[in-house]
There are 2 protein chains.
Amino acid sequence: MSGEDNLLRLVEAEDGDENNYHLQDQVGFILRKAHQRHVSIFASQIGDLTPPQFAALAKLYDIGETSQNQLGTLIAMDAATVKGVIDRLKARGLVEVSKHEVDKRRLLVNLTSEGREAIERLIPLARAITEETLAPLTTKEAATFLRLLAKLA
Amino acid sequence: MSGEDNLLRLVEAEDGDENNYHLQDQVGFILRKAHQRHVSIFASQIGDLTPPQFAALAKLYDIGETSQNQLGTLIAMDAATVKGVIDRLKARGLVEVSKHEVDKRRLLVNLTSEGREAIERLIPLARAITEETLAPLTTKEAATFLRLLAKLA
DNA sequence: TCAAATTCATTCGTATGCAAATGATATCAG
DNA sequence: CTGATATCATTTGCATACGAATGAATTTGA
């Protein structure tokens with residue numbers, strides 16, 4: 001056995017597991033799983049709307065009519081994604097679109113009365129979803145978690 | 001003005017913003033954004049592989065040959081999703097599949113030598129991705145965050 | 001003013017992600 | 001042993017998600 005071999009073994013012993021890569025400890029992997037769990041909880045409480053669709057309705061309810069592009073910025077969706085979401089909400093009669101009178105590039109999006117009723121009905125469920133998602137944490141832990149998560153996002 | 005009106009106003013005043021639903025404060029929305037940010041960081045460091053593809057390679061590197069179904073369980077992908085991921089890795093020559101000799105239902109998946117070289121080369125980059133993702137937090141905050149995130153996932 | 005740069009929306013291609021249905025195989029229970 | 005169950009994999013359909021390319025409209029800057 002060479003001196004190099006001894007040194008290598010020593011280093012590996014000192015490192016413990018540091019030379020091993022454990023997927024299940026990586027923030028990206030756990031983040032993906034936590035997100036999956038939330039989506040699953042969401043689906044169990046609100047079966048006929050996806051989280052992105054809900055986000056679009058909730059934001060329109062909050063700020064009123066806006067352009068598709070601006071809405072996308074506010075709910076963190078790129079232009080291609082938000083178009084699909086709005087198309088499906090439009091097909092279901094929950095939002096309506098119109099052309100901006102001055103800036104002809106813009107597509108204005110707004111809730112229909114049906115969309116307004118839907119979001120008002122769903123917001124209590126959304127609170128329950130948040131609660132269930134955070135249920136594994138104590139109130140204090142949840143506050144800490146949300147603070148740190150917001151710093152990452 | 002009725003007594004009910006007074007009571008309502010009082011309650012609303014005491015509630016502050018509690019009657020308003022703010023999407024940007026909901027754990028699901030922030031979780032989605034944090035996940036998006038991580039995927040973006042991942043793509044900037046490892047452009048030719050997605051996080052799910054990397055997860056499959058890393059897990060195979062960790063545990064060796066396994067069935068497609070078992071691999072899916074280990075990396076939190078349902079059967080339909082893992083099939084697509086493995087198909088694409090197979091097309092790129094990073095994994096190879098074979099039939100289980102005893103249980104003919106199972107599809108065994110393993111790294112090719114090329115896949116092994118790839119994951120060994122990428123693991124240092126993955127460590128950098130984790131670091132960059134957690135960069136907005138102090139070391140202590142990151143430890144707390146990971147602990148709480150794991151409880152949620 | 002007017003050409004260049006920017007913005008808004010759309011389209012295409014690729015890659016997750018999951019529910020539901022299906023087929024093949026294996027295991028279990030009576 | 002065999003019918004009922006369960007497991008493994010595949011396929012289809014739908015919904016994000018994003019890069020890149022395109023076209024229309026607006027804004028900027030020399």
Side-chain angles (χ1 to χ4, degrees), chain A residues 28-29 31-44 46-57 66-92 94 97-109, chain B residues 28-29 31-44 46-57 66-92 94-95 97-109 153:
Chain A
F29 183 70
L31 214 40
R32 175 169 150 270
K33 287 212 299 177
H35 181 247
Q36 281 177 358
R37 174 170 168 272
H38 172 262
V39 171
S40 169
I41 290 170
F42 190 101
S44 74
I46 301 182
D48 66 340
L49 222 54
T50 64
Q53 288 167 2
F54 176 87
L57 294 184
T66 187
S67 75
Q68 187 173 280
N69 202 57
Q70 173 66 9
L71 180 61
T73 299
L74 293 170
I75 60 180
M77 282 178 216
D78 75 5
T81 302
V82 77
K83 182 185 190 311
V85 172
I86 293 304
D87 278 354
R88 285 180 283 275
L89 291 175
K90 188 174 52 179
R92 292 177 53 177
L94 299 177
V97 303
S98 58
K99 288 175 185 166
H100 191 288
E101 293 174 8
V102 176
D103 187 339
K104 293 174 185 172
R105 294 170 304 179
R106 297 190 197 174
L107 190 67
L108 295 175
V109 186
Chain B
F29 183 71
L31 215 40
R32 176 169 150 270
K33 287 212 299 177
H35 181 247
Q36 281 176 358
R37 173 169 168 272
H38 171 262
V39 172
S40 170
I41 291 170
F42 190 102
S44 74
I46 301 181
D48 65 341
L49 223 53
T50 65
Q53 289 167 2
F54 176 86
L57 295 184
T66 187
S67 75
Q68 187 174 278
N69 202 57
Q70 173 67 7
L71 179 62
T73 300
L74 293 171
I75 59 180
M77 282 178 216
D78 74 6
T81 301
V82 79
K83 182 184 191 310
V85 171
I86 294 303
D87 279 354
R88 284 180 285 275
L89 291 175
K90 188 173 52 179
R92 291 176 54 175
L94 299 177
V95 304
V97 303
S98 57
K99 287 176 185 165
H100 192 289
E101 294 175 7
V102 177
D103 188 338
K104 294 174 183 171
R105 294 169 305 178
R106 296 189 197 175
L107 191 66
L108 294 175
V109 187

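By convention in this document, chain letters (A, B, ...) are assigned in the order of the sequence lines, proteins followed by strands, and residues within each chain are numbered from 1. If you're wondering where the values come from, they're calculated on a predicted model, not measured in any experiment.
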Q: Please work out if A:Val102 contacts a base, only the sugar-phosphate, or nothing of the nucleic acid, heavy-atom cut-off 4.0 Å.
A: sugar-phosphate

Q | Closest listed nucleotide, where the reference is the side chain of B:Lys83 and the choices are D:dT11, C:dT25, C:dT10 | A | D:dT11

Q: Send over the distance from B:Leu107 CG to C:dA24 P, rounded to a whole Å.
A: 16 Å

Only distances under 3.5 Å count here; give the side-chain donor-acceptor pairs of residues 47-57 of chain A to other protein atoms, sequence neighbours excluded, each with its distance to 0.1 Å.
residue : atom : partner : partner atom : Å
A:Thr50 : OG1  : A:Gln53 : N            : 3.2
A:Gln53 : OE1  : A:Thr50 : N            : 3.1

Q: Sort and list the pairs that fulfil salt bridge (charged side-chain N to carboxylate O under 4.0 Å, His left out) and have at least one residue in residues 71-91 of chain B, not counting sequence neighbours.
A: B:Lys83-B:Asp87, B:Asp87-B:Lys90

Q: Under the side chain to side chain contact (heavy atoms under 4.5 Å, CB included) rule, collect the residues that match up with A:Ser40, sequence neighbours excluded.
A: none

Q: Sequence neighbours left out, what passes ring pair (Phe, Tyr, Trp, His ring centres under 6.0 Å) with B:Phe29? Give chain and number order.
A: none

Q | A:Leu108 CG to C:dC8 P, straight-line distance once rounded to whole Å | A | 12 Å

Q. Within this structure, what is the NZ-to-P distance between B:Lys99 and D:dT10, rounded to whole angstrom?
A. 10 Å

Q. Using rotation axes that map the C1' atoms of four end pairs onto the next four (five pairs an end), what angle separates the end axes of the helix from C:dT1-D:dA30 to C:dG30-D:dC1, to 10°?
A. 20°

Q: Identify the two heavy atoms, one from A:Asp103 and one from A:Arg105, that lie closest to each other, and give their separation to 0.1 Å.
A: OD2-NH2, 2.8 Å

Q. What residues form a salt bridge (Lys or Arg N to Asp or Glu O under 4.0 Å) with A:Arg32, not counting sequence neighbours?
A. none

Validation: residues 66-74 of chain B side-chain donor-acceptor distances under 3.5 Å, sequence neighbours left out:
residue : atom : partner : partner atom : Å
B:Ser67 : OG   : B:Gln70 : N            : 3.0
B:Thr73 : OG1  : B:Asn69 : O            : 3.3

Q: Go along nucleotides 15-23 of chain C 5' to 3' and tag each nucleotide: B for a protein heavy atom under 4.0 Å from its base, S when only backbone or sugar atoms are that close, - otherwise.
A: SSBBB----

Q: Describe the nucleic acid contact of B:Val97 in one word from base, sugar-phosphate, nothing, applying a heavy-atom distance below 4.0 Å.
A: nothing

Q. Distance check: side-chain N/O of A:Gln70 vs OP1/OP2 of C:dC8, anything under 4.0 Å?
A. no

(Q) What is the distance, to the nearest angstrom, from the CG atom on B:Asn69 to the C1' atom on C:dA26? (A) 14 Å

Q: Can you sort out the partners of A:Arg92 under side chain to side chain donor-acceptor pair (under 3.5 Å), two or more places apart, ordered by chain and number?
A: none

